[in-house]
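Here is the structure we will look at, set down as structure tokens.
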Amino acid sequence: MKQAIILVNAYTQSAAELNQPNRLREELEKYGVRAEIVRNSPGALSRDGDFCVFLDKDKYAARALEKRMRLFNRANAIEICDDKMLTYLALEGFPMPETISSLLCYTPERPVSGTLLDETERRLGYPLVVKENFGSLGKQVYLVRDRASLEKISERLKLLPHLYQKFVAESSGRDVRAICVAGEIVACMLRTHESDFRSNISVGGQGKKFEATGEMRALCREVSARLGLDYCGIDLLFGKDGWLVCEVNSNAFFGGIEGVTGVNVARAYAGHIMREIYG
Ligand SMILES: Nc1ncnc2c1ncn2[C@@H]1O[C@H](COP(=O)(O)OP(=O)(O)O)[C@@H](O)[C@H]1O
Ligand SMILES: [Mg+2]
């Protein structure tokens, strides 16, 4: 009997949160795999299975479980994608907006580095984008318009890893989300927002089906290969000279894009897993 585990975050509860694991289980079952949905826990890490679809982002659990079985995605890929600054560094050479890392601060009573602020505004200009390295759903991404706001936000985020990024004006309120399986774009949507520079659906963006171009396909294939991803959602910005990689989500939700494009993403992912594990 083929068997697998689908590992979800320890605190997963709602039907909405269980949609992704349920859909994957359903599609794996069609291939004859008994897949059990398991919440992250100390005991979960000593389970047996032919493989694990790892839907949490717990890098410690991922590394522990990877000693026992193949993970989809691999632990290293999940860790790099979870951290926007690590992603930027790993994607050196790819077209991305210029990015500056925040500085590690151990002393909350000291004011944020003036050198950091000076260099940031000199290199990036205003407006500029600030992102927490571990943010998602658009919630920890901010647009900063002047020095006073830069100082304020940098002070507030001083103890958290974050980054400063050039604002891509051409892409304000729009981007493209491409879902890739084994590097191939299987579903693609244009996201637009009328009143916010962030186009995430979670902050009110609208999604509609988008025809992926050859250039986008080649870029996404190379990004997936560089990061060692089996599955991901890549956000692409409209740059003035072509596509720019905004970020890579190893654990991208596919419920919304399945609805918008009519593509069965779970089946495509399950198919890839079957080829990898059982040949
Ligand atoms: N440098 C940028 N210039 C213009 N818009 C950006 C830039 N970075 C992010 N955005 C917008 O903000 C959204 C959220 O940023 P992203 O890095 O994808 O973080 P999250 O993980 O929260 O989705 C993007 O989908 C895009 O619409
Ligand atoms: Mg994003």
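Both backbone and side-chain heavy atoms feed into the values below; hydrogens, waters and symmetry mates do not. We count ligands from 1, going down the list as the structure has it; atoms in each ligand are counted the same way.
Salt bridge status for Lys59 with Asp83: absent, with no side-chain N to carboxylate O gap under 4.0 Å.
A donor-acceptor contact closer than 3.5 angstrom is absent between the side chains of Asn9 and Asn40. A side-chain donor from one of Ser149 and Asp146 sits under 3.5 Å from a side-chain acceptor of the other. For the residue pair Thr192/Gln206, the side-chain donor-acceptor check at 3.5 Å is not satisfied.
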Do any nitrogen or oxygen atoms of ligand 1 lie under 3.5 Å from a protein nitrogen or oxygen, and which ones?
from, atom 1, to, atom 2, distance (Å)
ligand 1, 1 (N), Gln165, OE1, 3.1
ligand 1, 1 (N), Lys166, O, 2.9
ligand 1, 3 (N), Val168, N, 2.9
ligand 1, 8 (N), Lys131, NZ, 3.0
ligand 1, 17 (O), Lys131, NZ, 2.7
ligand 1, 18 (O), Asp235, OD2, 3.0
ligand 1, 18 (O), Glu247, OE2, 2.9
ligand 1, 21 (O), Lys84, NZ, 2.7
ligand 1, 21 (O), Glu247, OE1, 3.1
ligand 1, 21 (O), Glu247, OE2, 2.9
ligand 1, 22 (O), Leu137, N, 3.4
ligand 1, 22 (O), Gly138, N, 2.6
ligand 1, 23 (O), Asn200, ND2, 2.9
ligand 1, 23 (O), Glu247, OE2, 3.0
ligand 1, 25 (O), Asp175, OD2, 2.6
ligand 1, 25 (O), Arg191, NH2, 3.3
ligand 1, 27 (O), Ser199, N, 3.0
ligand 1, 27 (O), Ser199, OG, 2.8

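Without hydrogens or angle criteria, Arg39 side chain to Thr12 main chain gives a donor-acceptor distance under 3.5 Å.
Atom-to-atom distance recorded for Glu132:CD and Leu157:CG is 5.0 Å, nearest 0.5 angstrom. Separating the CZ atom in Phe72 from the CZ atom in Phe51 is a distance of 6.5 Å, to the nearest 0.5 Å.
Under the rule for a ring-ring contact (aromatic ring centres under 6.0 Å, His included), the partners of His162 that lie at least two apart in sequence or sit in another chain are Tyr164. Scored by the ring-ring contact (aromatic ring centres under 6.0 Å, His included) test, Phe167 finds no partners at all (sequence neighbours excluded).
Annotation: protein N, O or S atoms under 2.8 Å of the Mg ion (ligand 2) (waters excluded) comprise Asp235 OD2, Glu247 OE2.
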